[in-house]
Enquirer: 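So that we are looking at the same thing, I have put the structure below in C-alpha cells.
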Amino acid sequence: MVIQLEKTGDSCRINLSKEKIQQIHVNLNWNTHSSVTSKGRNWLEKWIAAQPESADLDLGCMYELNPKAGQFGLNEKGVIQALGNSFGSKTSPPFVFLDKDDRSGASADGENLYLLRPEVIRRVLIYAFVYEGGQDFRHFGASLSISLGGVEQVNLLLDNSQSGSTFCAAAMITYSGDQVEICKEARYFSGHSDCDRYYGFGFQWTAGRK
C-alpha cells in the first residue's frame, strides 16, 4: 500500500506489531542537476540553472530515544548524517544506519537511512539539506519515501521551499506502543541549528566540511 502525504501536517499511523514490521527504511532521491528552465525565471535563477555542478543533497536525522529503552544502555539523543561521519550502526545503539554519502545524485537508489529497532525510538526527525550545487530545494525534484517492511510505503515531495532555504525538515516519525506515526513536516530552514531550535532537540552545532 502506497500513501502520499501531500501537505504539511498530513500524517498516517501504522501498527508495526499487526503488520509484523521490524524496520523502517527511508530513501532520499533527487535529480543530478537543477531542473530550472529559462522561461519565467529571473536572471539569478537562469544563472544557477546554467552551472554544471552536480547537486549534493544529504539525508540525515535527529533522534530522541524512548526513556523506557534505558535497559539497552542507549544515549538519549543523537544525529545521523554523512557530514561528520556519523553513519550510525546496524548492530549497536541507536540501531539507526545511513548507508552512504551520494555526492552527485548519480546513485540509482539515492541515500538510505534504516531504523532497525523502531521500538526504542521516541521521535526521529528526518531531514535533507543541500550541501553543494544549489540554492534551495525548488529545482531538484527531491523526494522522500518511507518503507515499512515492504508492507506500507509513504511518499512525499520536497519541492516547495522558499528561495535560499537549503535545509528541509521532511518528516517526523514517532513511536508509541505498537503504533508508528509518520507526519509530513516539509518545513524549510537556513541550516541545522535553525531547525533544531524549532523542534527543540537541543544540540550544539558547529560548521563542518566533507
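Just so it is clear, the structure is predicted and the values come from calculations on it, not from any experiment.
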Enquirer: Look at the side-chain heavy atoms of Ile, Leu, Val, Met, Phe, Trp and Tyr, link any pair under 4.5 Å apart, and say whether V2 and V151 land in one connected group.
Expert: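 Each belongs to a different hydrophobic cluster.
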
Enquirer: Look at the side-chain heavy atoms of Ile, Leu, Val, Met, Phe, Trp and Tyr, link any pair under 4.5 Å apart, and say whether V130 and L157 land in one connected group.
Expert: no

Enquirer: Looking at SG of C61 and CE of M172, how far apart are the two atoms once the value is rounded to the nearest 0.5 Å?
Expert: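 The distance works out to 11.0 Å.
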
Enquirer: Do H192 and Y127 have ring centres separated by under 6.0 Å?
Expert: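 Ring centres of Y127 and H192 closer than 6.0 Å.
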
Enquirer: To the nearest 0.5 Å, what is the distance between CG (L125) and SG (C183)?
Expert: 10.5 Å

Enquirer: Please report the interatomic distance CZ(F97) to CD(Q23), rounded to the nearest 0.5 Å.
Expert: 11.5 Å

Enquirer: Output every pair passing side-chain hydrogen bond (donor to acceptor under 3.5 Å, both in side chains) with a member in residues 142-156, not counting sequence neighbours, ordered by first then second residue.
Expert: Q153-N155

Enquirer: Which residues satisfy the salt bridge (charged side-chain N to carboxylate O under 4.0 Å, His left out) test with K7, sequence neighbours excluded?
Expert: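 Partners of K7 under the salt bridge (charged side-chain N to carboxylate O under 4.0 Å, His left out) test: D10.
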
Enquirer: I24 vs L148, test: side chain to side chain contact (heavy atoms under 4.5 Å, CB included). Steps then yes/no.
Expert: CA-CA 5 Å; I24 298 173; L148 297 98; 4.1 Å; yes

Enquirer: With sequence neighbours excluded, give me every salt bridge (Lys or Arg N to Asp or Glu O under 4.0 Å) pair touching residues 166-191.
Expert: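 Checked against salt bridge (Lys or Arg N to Asp or Glu O under 4.0 Å) - neighbours excluded - the pairs reaching residues 166-191 are R13-E181, E185-R187.
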
Enquirer: Quick one: are V26 and L144 in side-chain contact, heavy atoms under 4.5 Å?
Expert: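 Yes, their side chains come closer than 4.5 Å.
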
Enquirer: Does any non-hydrogen side-chain atom of D194 lie less than 4.5 Å from one of D196?
Expert: no

Enquirer: Measure the CE-CD1 distance between M62 and I126 for me, rounded to the nearest 0.5 Å.
Expert: 10.5 Å

Enquirer: Step by step, would you call K90 with Y114 a side chain to side chain contact (heavy atoms under 4.5 Å, CB included)?
Expert: CA-CA 8 Å; K90 294 180 178 180; Y114 297 90; 5.8 Å; no

Enquirer: Using the rule side-chain contact (heavy atoms from CB on, under 4.5 Å), only one of L28, N29, I80, N112 pairs with L59; which is it?
Expert: L28

Enquirer: Over all heavy atoms of both residues, which pair between L98 and A82 is shortest? Give the atoms and the distance, please.
Expert: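 Closest approach of L98 to A82, heavy atoms only: CD2-N, 3.5 Å.
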
Enquirer: Do D159 and F140 make a side-chain contact, defined as non-hydrogen atoms from C-beta onward lying under 4.5 Å apart?
Expert: no

Enquirer: Report yes if some heavy atom in the side chain of V124 is under 4.5 Å from a heavy atom in the side chain of V96; otherwise report no.
Expert: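 No, side chains not in contact.
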
Enquirer: Taking the cut-offs as 6.0 angstrom to the six-membered ring centre and 45 degrees off its axis, would you call R123 and F201 a cation-pi pair?
Expert: yes

Enquirer: Counting only heavy atoms not in Q162, do more than 12 fall under 6.0 Å of its CD?
Expert: yes

Enquirer: What heavy-atom pair brings A170 and L156 nearest, and what distance separates the two atoms?
Expert: O-CD1, 3.7 Å

Enquirer: Determine whether a donor-acceptor pair (N or O, by modelled atom type, separation under 3.5 Å) exists between the side chain of S176 and the backbone of Q179.
Expert: no

Enquirer: Are side-chain heavy atoms of T166 and Y188 found at a separation under 4.5 Å?
Expert: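 Sidechains of Y188 and T166: no contact.
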
Enquirer: Return the CD to CG distance between E76 and L65, rounded to the nearest 0.5 Å.
Expert: 8.0 Å

Enquirer: What about the rings of Y198 and F189, do their centers lie closer together than 6.0 Å?
Expert: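 Centroid distance Y198-F189: below 6.0 Å, so yes.
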
Enquirer: Side chains of L57 and F137: closer than 4.5 Å at any heavy-atom pair?
Expert: yes

Enquirer: In Å, rounded to the nearest 0.5 Å, how long is the span from CG of L115 to OH of Y175?
Expert: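 That separation rounds to 12.0 Å.
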
Enquirer: Work out which heavy atom in A186 is nearest to a heavy atom in C168; give both atom names and the distance.
Expert: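 Smallest heavy-atom distance, with atoms named: CA-SG, 4.3 Å.
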
Enquirer: Given the rule in the side chain to side chain contact (heavy atoms under 4.5 Å, CB included) test, do V79 and W205 qualify, once you have shown the distances and angles that lead to the verdict?
Expert: CA-CA 11 Å; V79 175; W205 299 96; 3.7 Å; yes

Enquirer: Should N66 and I121 count as side-chain neighbours, where that means a heavy-atom distance under 4.5 Å?
Expert: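 No, every pair of side-chain atoms sits at 4.5 Å or beyond.
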
Enquirer: Just do the side chain to side chain contact (heavy atoms under 4.5 Å, CB included) check on Q81 and F129 with the steps written out, would you?
Expert: CA-CA 10 Å; Q81 62 177 23; F129 61 97; 3.7 Å; yes

